[in-house]
Amino acid sequence: MKTTISKNIFTVFAIILTVLCLSVSVSAANADIFNSISFTAVADDSNTTIRTQTGISGDRYLLLPSSADMTKLVLDFDGDEAEIKTAKGTFTVESGVAFDLTAICTPSGNEYTITISGKKLIIMKSENIRALYYVSDDPVNAGRPFVDAVKGNEAEGRMSLIDVDGEVDYTDKVTEIKARGNSTFTNSAKKAYQFKIKNKTDLINNNPDEACKKWVLLANMFDATLIHNSITFRLAADLGMDYISHYEAVDLYFDGEYRGSYLLCEKVDVDSSKVDIDNTDDLIEEINEDTDAYESPVVITATTQSKGETKANANSKGSYKYVSGLAEPEFPEGANHHAYLLELEFDYRYPDELTGFVTNKGQTIVTKNPEYLTKESGAFIAAFWQEFEDAVYSTNGYNTKTGRYYYEYCDLESLVKVYLINELSKNVDGFASSSYFYLPADEDIMYAGPVWDYDPCYGPGGFHYNIQLATANPENFYTVTDYIINGLIKHESFRNAVREQLDKNNGEFYLAVQNMIGDEGYVNTFSQEVAASRVMNSKLWKVMDDRYVVVHDGDKVTFDNAITFLNDYIETRINWLADTVGTWNGNSYTLPLDPDPSATEEPEELNFFERIAAWFRSIIEWFMNLFK
């Protein structure tokens with residue numbers, strides 16, 4: 001009897017164990033099917049394969065490009081077929097065979113929720129914009145985690161641009177991709193990227209005259225609307241400003257995963273298709289590339305006044321950094337100096353930059369081109385900018401040593417337009433970081449621009465609550481306290497130029513801003529273009545809070561309310577500025593002028609004898625410095 005019971009117990013236990021094993025086996029198989037689901041945007045092109053991924057909610061998503069046809073959806077997965085359950089019933093789909101998702105599932109907004117292998121999967125689709133696919137050559141060792149980890153990590157791969165109809169617009173080798181940006185890289189898991197393609201191409205307009213190799217993918221992480229940069233680039237272009245980056249919203253897929261909505265645009269750089277000035281970098285490299293000084297650069301920090309002969313501490317006022325031992329190339333034909341592309345930068349970032357200079361006011365400025373300053377070129381551009389700064393902060397707008405007026409150093413129209421773009425948007429980085437100036441080799445005057453980096457503007461203001469209190473208010477001056485502007489604002493000639501741009505009847509800036517707002521304005525147009533992509537982007541990145549989106553008091557934090565706020569913000573702000581500058585006196589809204597805050601007016605011009613005296617003073621000072 002005992003033996004029979006033992007055998008029966010053993011038999012029952014074996015049956016239970018077998019069932020459990022089969023259940024685990026089936027679950028594992030189902031899990032394999034679920035985890036293996038993928039979509040390929042272009043038939044037989046593994047570079048455009050997209051896998052499922054987990055969103056910030058914990059839900060599983062399959063986030064598809066604009067080219068995906070939901071009525072002829074093809075999914076690949078392990079096994080021949082799988083059961084899909086929706087609110088409409090249970091359906092069987094085959095791997096690699098098209099089926100009509102819209103017929104078996106009713107979407108909620110743009111979300112199709114299905115259950116496959118017992119697990120929920122949400123399928124979404126972008127609209128209106130192209131998809132950029134990048135696949136690493138070595139995804140294990142040099143894929144996205146490697147690129148995202150350190151800003152200097154570089155990798156190679158291949159990219160494709162697929163239009164909304166599924167056509168391959170472009171495909172090529174990527175010789176270099178790396179993370180870029182400062183605040184975005186430090187404070188966001190969604191990285192921005194810079195990449196270099198093998199052959200010069202205009203990825204946006206397919207214009208041979210605009211072809212280039214270096215491109216940027218802006219993450220727009222601090223702008224839930226995703227359009228702050230786009231509307232600012234468009235405004236600058238409408239104002240006729242030179243060298244504005246071409247741009248286009250794209251969905252980025254990196255090694256088979258959707259990474260969000262990005263802005264594909266040209267990098268601010270010296271090139272015939274970008275900032276079209278002589279490339280001083282190329283001239284310096286040409287005569288120095290085989291030297292130890294160029295291959296292993298040693299940076300010297302020296303005083304500007306000594307023109308490189310006296311060492312100075314890093315970040316010292318009135319200093320510049322140059323690469324020791326480099327030969328100075330000849331100037332371009334017809335020029336008496338080289339060309340320069342400059343970027344104003346925060347002082348805490350300056351030590352990480354190779355070369356640049358620090359003004360007597362303490363502003364750190366990086367030379368983006370040339371990257372390798374020679375002793376001579378560094379001495380020139382640091383002195384040139386210092387003369388400009390001295391003129392701006394003088395009581396009458398003239399450099400007392402050279403006799404030159406501030407707008408003889410920097411074009412007044414570009415200065416005013418860049419100021420107004422920063423003021424309109426309440427740019428937290430205005431004239432402090434990502435602010436560019438360029439000096440052509442064949443001119444003795446530089447220009448403000450191109451404009452760059454406006455994602456935390458028009459209200460959000462970045463990470464700090466006290467900053468957002470100031471930026472979210474569409475009234476009051478903001479950028480007038482920034483470097484250079486707090487000097488320029490003291491001069492009636494600058495204020496008059498601002499007033500002229502803001503005239504409600506024929507002011508160029510005021511009228512250009514009118515194209516941004518209203519039902520037919522491009523704030524709405526750009527917003528509608530990226531609407532579906534913006535929702536997909538929000539499934540991966542936590543953008544729906546008051547750090548990145550601002551709405552009117554009492555309104556819910558939604559994308560639609562954010563766009564309503566943006567339209568209203570721009571309209572209120574441009575009218576407030578236009579109404580206020582009429583009584584602008586330059587004192588009530590600025591930092592004190594050093595050394596004489598009471599002097600606000602300047603003469604129309606220095607007379608002939610005053611200019612001669614200033615010229616003699618500059619010659620004497622030059623000789624004194626020469627023999628120090």
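Just so it is clear, the structure is predicted and the values come from calculations on it, not from any experiment.
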Task: Flag for S493-Y405: side-chain donor and acceptor within less than 3.5 Å - done: yes

Open item on the list: Distance alone, cut at 3.5 Å: any donor-acceptor contact between the side chains of N561 and H552?
Closed with: no

Task: No-hydrogen, no-angle side-chain donor-acceptor test under 3.5 Å, S306 and T303 - done: yes

- [ ] Run the salt-bridge test on E328 and K375 with the 4.0 Å N-O cut-off and return the result as yes or no.
- [x] no

Open item on the list: For Y393, does the six-membered ring have the charged nitrogen or CZ of K361 within the cation-pi criterion, i.e. under 6.0 angstrom from the centroid and within 45° of the normal?
Closed with: yes

Open item on the list: Quick check for you: to the nearest 0.5 Å, what is the distance between D269 atom CG and K274 atom NZ?
Closed with: 5.0 Å

TODO: May I ask you to test the F509-L235 pair for a side-chain heavy-atom distance under 4.5 Å?
DONE: yes

Open item on the list: Checking side-chain contact (heavy atoms from CB on, under 4.5 Å) between I421 and each of V513, V416, L239, which is the one that passes?
Closed with: L239

Task: Min side-chain heavy-atom separation P460-D223 under 4.5 Å - done: no

- [ ] Take the angle between the ring planes of H337 and F380 and call it parallel below 30°, perpendicular above 60°, tilted in between.
- [x] parallel

Open item on the list: If only side-chain N and O atoms count, and only distance matters, is there a donor-acceptor pair under 3.5 Å linking Q386 with D390?
Closed with: yes

- [ ] Give me the ring orientation class for F526 and Y522: parallel if the planes are under 30° apart, tilted from 30 to 60°, perpendicular past 60°.
- [x] tilted

Task: Heavy-atom closest pair, residues V428 and G461 - done: CG1-O, 3.5 Å

Open item on the list: Can you confirm whether T304 sits close enough to T359 that some side-chain heavy atom of one is under 4.5 Å from a side-chain heavy atom of the other?
Closed with: no

Task: Atom NZ of K317 with >12 non-hydrogen neighbours under 6.0 angstrom - done: no

Open item on the list: Is there a side-chain contact between D276 and D271 in this structure, where contact means two heavy atoms from C-beta onward sitting under 4.5 Å apart?
Closed with: no

TODO: For the residue pair E345 and S433, confirm or rule out a side-chain donor-acceptor distance under 3.5 Å.
DONE: yes

Task: Short side-chain to backbone donor-acceptor contact, N288 and A327, under 3.5 Å - done: yes

TODO: Write down the atom of I231, the atom of L566, and the distance for their closest heavy-atom approach.
DONE: CD1-CD2, 4.2 Å

TODO: Kindly confirm or rule out a cation-pi arrangement of K426 over F477, judged by NZ or CZ under 6.0 Å from the six-membered ring centre and within 45° of its axis?
DONE: no

TODO: Determine, for R499 against E492, whether the closest basic-nitrogen to carboxylate-oxygen distance falls under 4.0 angstrom.
DONE: yes

TODO: Verify the distance criterion only: is there a donor paired with an acceptor across the side chains of T301 and S319 at less than 3.5 Å?
DONE: no

Open item on the list: Is it true that N220 and N229 share a donor-acceptor pair across their side chains at a distance under 3.5 Å?
Closed with: yes

- [ ] Applying side-chain hydrogen bond (donor to acceptor under 3.5 Å, both in side chains), name anything that partners S434, two or more places apart in sequence or on another chain.
- [x] D453

Open item on the list: If the threshold is 4.0 Å, N to carboxylate O, is there a salt bridge linking R349 and E353?
Closed with: no

Open item on the list: Counting C-beta onward and ignoring hydrogens, is there a side-chain heavy-atom pair between V358 and Y320 closer than 4.5 Å?
Closed with: no

Task: Reported NE2-to-CD1 distance for the pair H338 and I284, which is rounded to 0.5 angstrom - done: 6.5 Å

- [ ] Kindly indicate whether a cation-pi arrangement holds for K190 with Y262, taking the cut-offs as under 6.0 Å to the six-membered ring centre and within 45° of the axis.
- [x] yes

Open item on the list: Please verify the inter-ring angle class for H228 with Y458; under 30° counts as parallel, over 60° as perpendicular, anything in between as tilted.
Closed with: tilted

Open item on the list: Once salt bridge (charged side-chain N to carboxylate O under 4.0 Å, His left out) is applied, do any residues pair with D429, and if so which ones, sequence neighbours excluded?
Closed with: none

- [ ] Please say which of Y409, Y406, F437 ends up in a ring-ring contact (aromatic ring centres under 6.0 Å, His included) with W385.
- [x] F437

Open item on the list: On a heavy-atom basis, which atom in G318 and which in N360 lie closest, and how many Å separate them?
Closed with: CA-OD1, 3.4 Å

